[in-house]
There are 2 protein chains.
Amino acid sequence: MAPTIRDVASAAGVSQSTVSRALSMPELVNPATRARVLEAAGRLGYQPNRAARGLITGRTGNLGLIVPDLSNPFFSSVVKGVQAAARGADYSLFIADTDEEASAEIELLRALTRQVDGIVLCSPRSPDDDLARVGVDSSVVLMNRRIEGRPSVTVDNADGMRQAVEHLSALGHRRIAYVAGPRTSWSNAQRERGLHQSAEDTGSDLVHLGHFPPRFEGGVAAADLALASGATAVIAYNDVVALGLLSRLGSRQVSVPDEISVLGCDDISMSAMTHPALTTVSIPKWEAGRAAVVLLLSLLAEGTADSPAPDRELSAQLIVRATTGVAPATSRPVPGGHSMKGPTG
Amino acid sequence: MAPTIRDVASAAGVSQSTVSRALSMPELVNPATRARVLEAAGRLGYQPNRAARGLITGRTGNLGLIVPDLSNPFFSSVVKGVQAAARGADYSLFIADTDEEASAEIELLRALTRQVDGIVLCSPRSPDDDLARVGVDSSVVLMNRRIEGRPSVTVDNADGMRQAVEHLSALGHRRIAYVAGPRTSWSNAQRERGLHQSAEDTGSDLVHLGHFPPRFEGGVAAADLALASGATAVIAYNDVVALGLLSRLGSRQVSVPDEISVLGCDDISMSAMTHPALTTVSIPKWEAGRAAVVLLLSLLAEGTADSPAPDRELSAQLIVRATTGVAPATSRPVPGGHSMKGPTG
DNA sequence: CTGAAAGCGCTAACAA
DNA sequence: TTGTTAGCGCTTTCAG
């Protein structure tokens, strides 16, 4: 059995309260007694029980983070940002992975709520209503999702897509395909919105190839549709999907970017390492994670005196790499006849 | 303020104990009263405080997992295995990332210990002594590390390396370079042991290129040393490093596998997707994660009546892919003179 | 500066 | 079957 505060108290010949004070409010106790207490605590290997402490103080010293899929590099980066901020503020971080299951989000939210002081809920897949219904008593900050009345940190996805489409348009692309992500993804919805808007603005055709799992296999599955669509460029929901596209296109001997251009989104580190490298819309993952924690901590500090649910929006930035999967639409003839509607050339 | 068991009790017109029983031991209460209690609980949105419950039952219903780096795909897979097993046994899982810092391991171990029933400590970097010294009162199962007296789940890394070396040897390679991982990695030590042994057995030269961070950049940094070493094949500590090697070799216009062969370890999903694909030693990550939880749960069930710290060892398996980064050493001439000691050709 | 006592939310004897 | 009581490990009044 692990030593409790009582053990330390009797070992040091003082009361429990003195031990407690010696540990958490050192100024309030006589240096001599404090030394005695610390010595005893050290000798016994005493570790305060944070759960018990939390029961009375209402603070656990823990933060929670819920993400859809830790094996997605996008979320790993978010984790790193959240972690850095949490550690900096002297909080422990509990991370939970929902495996892209909406029901797990609610469950985890509940399991976590009493054990942490605040929760960052990243890219939740649950419908607004379900999310609103969960009576969570710790503060929750949403990331990559905006819901009326809840604080959130988001990225301007629509603008990112606009940058991508304008880039393609400038290169002469007039027919652009989109490999969509999960229907339940707010970010995906924002991206589609941005795509539609800017396709219209630039006078391009936008082909929606359907919703695919946000994984490598999703891109593999979408590649043939992309080719058949007659688009000269494909934008993928994210980089992982774009890598899947590249892989399948490679197997089919379709040259990227000569025959078709491929764009990703997120700017995961892998996207710079492929040949060709991926042109991508960079999402400030690390910063967003950090911002979510900063927001969370500010809410905790203010107590329950909520201002009207602060939102923070970061911007996305198109990254065009040197040797990349994007080329002018007119640069090469499009062989094989799978482009139904070529550019001017 | 969130409703407590008292609120539910008074709302249902019963005592706290009845509420408690209605929720955790439904058989022991009158169906009618139980219904009343459940109704009240539902209406108030009552969620039991697991921390408070844990304080008295000694069980929290949580498991902990500590890994060096969640952005490493190897550990993502481990997480998935651990998570599946934990969820299957109705435990919540708390994951913590140490950022490859040994000190963070100890810290997290302490922070976690009272809030979970058991901990899986994956690939710890701390010295044996430090690890042994930590007085953790929850059960701890080590993964990818064996320490006297602690239960563990490991993989036969040495045998994996043996398979790799014999494969290379059969292809005529006689000088093999190794890009080592962290000095503090037990797995790396095991791999080096296997490499030395089998190099000796097959009469090959083994060139140790030094220790590198187990990341992409580590491989990039090691590539030039590999070329200069005169080896006809390089084995990397893991696949991520191997990908870094491939990338840098590509930039230097060195053809893989024509001029030099590259092998990885771990079998992360990315390794099958590169061109050429990576021949790699597959580590059963998911299964190991699962096994660690199974072991942990069996320890928890047995109480403190320890048998002498059970160990479980899984096996590694060389994966040779169709189009791969490994070729016979004699298949092509080695240009550029950076191989000091060519094969028979 | 220190100790005694109360109580955080919950469960587990022990009675009724 | 239900209520009463004690107490998990800790912090925090309130006295002294």
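Quick note on labels: first sequence line is chain A, next is B, and so on, each numbered from 1. Computed over heavy atoms, backbone and side chain alike; hydrogens, waters and symmetry mates excluded.
Closest approach of Ala51(A) and Ala51(B) over heavy atoms only: CB-CB, 4.1 Å. Heavy-atom minimum distance, Asn72(A) versus Pro214(A): ND2-O, 4.1 Å.
If you walk DNA chain C from 5' to 3' and mark each nucleotide with an atom closer than 4.0 Å to a heavy atom of chain A, the marks span dC1(C) to dG9(C).
Looking at heavy-atom distances under 4.0 Å, Ser20(A) makes contact with a base. Using a 4.0 Å heavy-atom criterion, one finds that Ser15(B) contacts the bases of the nucleic acid, with or without backbone contacts as well. Heavy atoms of Arg21(A) sit under 4.0 angstrom from at least one base atom.
For Val29(B), taking side-chain heavy atoms from C-beta onward, the closest of the listed nucleotides dC8(D), dT11(D), dT2(D) is dT2(D). Nearest nucleotide to the Ser17(B) side chain, out of dT11(D), dT4(D), dT1(D): dT4(D). Among dT1(D), dC10(D), dG9(D), the nucleotide with an atom closest to any side-chain atom of Pro48(A) is dC10(D).
Judged purely by distance below 3.5 Å, without hydrogens or angles, the side chains of Ser20(A) and Ser17(A) never pair a donor atom with an acceptor atom.
A salt bridge links Lys80(B) with Asp69(A): the closest approach of a Lys/Arg side-chain nitrogen to an acidic carboxylate oxygen falls below 4.0 angstrom. Between Arg125(B) and Glu100(B), at least one side-chain N (NZ, or NE/NH1/NH2) sits under 4.0 Å from a carboxylate O, which counts as a salt bridge.
One interatomic measurement links the two molecules: CG of Leu28(A) to P of dT13(D), which rounds to 12 Å at whole-angstrom precision.
Place Arg36(B) and Ala52(B) on DNA chain D by their nearest nucleotides, and Arg36(B) ends up nearer the 5' end.
Atom CZ of Arg6(A) has 12 or fewer neighbouring heavy atoms from other residues, nucleotides or ligands inside a 6.0 Å radius.
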